[in-house]
Amino acid sequence: MTDEAVTVYVKPGCPFAAKLRTKMTLARVPHRAVRFADDPEGAAAVRAHHPQGFEVSPTVVVGGRYLTNPSLREVREAMAAR
């Protein structure tokens, strides 16, 4: 699995994103964090996957599947299902 297997879209200062990323790092789940402001195309895709069109932090993308504010367990399950 490469670092690009899991992308975590975040807003700076978001405590939920920080907590999830810490858990993922400690569990050695390869991921890369992307700020919404740094990836307009990715941010638009995240907005398109949320019913209200919000940029929810964190949003995790695993193999084309979008997870809104997931737990580490949900991320692992999505990775296993790919």
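Residue numbers count from 1 along this sequence.
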Indicate the atoms forming the closest heavy-atom contact of [X] with [Y], along with that distance.
X     : Y     : result
Tyr9  : Asp39 : OH-OD2, 3.1 Å
Ala17 : Val10 : CB-CG1, 3.5 Å
Ala45 : Tyr66 : CB-OH, 3.3 Å
Val46 : Val56 : CG1-N, 4.4 Å

Inset, instruction - Would you check if there is a donor-acceptor pair between the side chains of Thr7 and His31 at a distance under 3.5 Å? - result: no
Inset, instruction - Kindly indicate whether the side chain of Val6, heavy atoms from C-beta on, has any atom under 4.5 Å from the side chain of Met24. - result: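 Counting from C-beta outward, Val6 and Met24 do come under 4.5 Å.
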Legend entry - Donor-acceptor pair, side chain of Lys11 and main chain of Glu55, under 3.5 angstrom: yes
Enter the distance from [X]:[atom1] to [Y]:[atom2] here, rounded to the nearest 0.5 Å.
X     : Y     : atom1 : atom2 : value
Phe54 : Arg47 : CZ    : CZ    : 12.0 Å
Arg82 : Glu77 : CZ    : CD    : 15.0 Å
Leu26 : Arg21 : CG    : CZ    : 11.5 Å
Ser57 : Arg35 : OG    : CZ    : 11.5 Å
Thr22 : Leu72 : OG1   : CG    : 11.0 Å
Phe16 : Asn69 : CZ    : CG    : 6.5 Å

Inset, instruction - Might you work through the side-chain contact (heavy atoms from CB on, under 4.5 Å) test for Arg32 and Val8, ending with a clear yes or no? - result: CA-CA 6 Å; Arg32 73 182 181 108; Val8 183; over 6 Å; no
Inset, instruction - May I ask whether Val29 and Leu20 are part of the same hydrophobic cluster, defined by side-chain heavy atoms of I, L, V, M, F, W, Y residues being less than 4.5 angstrom apart, directly or through others? - result: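 Yes, same cluster.
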Legend entry - Residues His50, Thr59; criterion side-chain contact (heavy atoms from CB on, under 4.5 Å); working and verdict: CA-CA 10 Å; His50 289 124; Thr59 295; 3.2 Å; yes
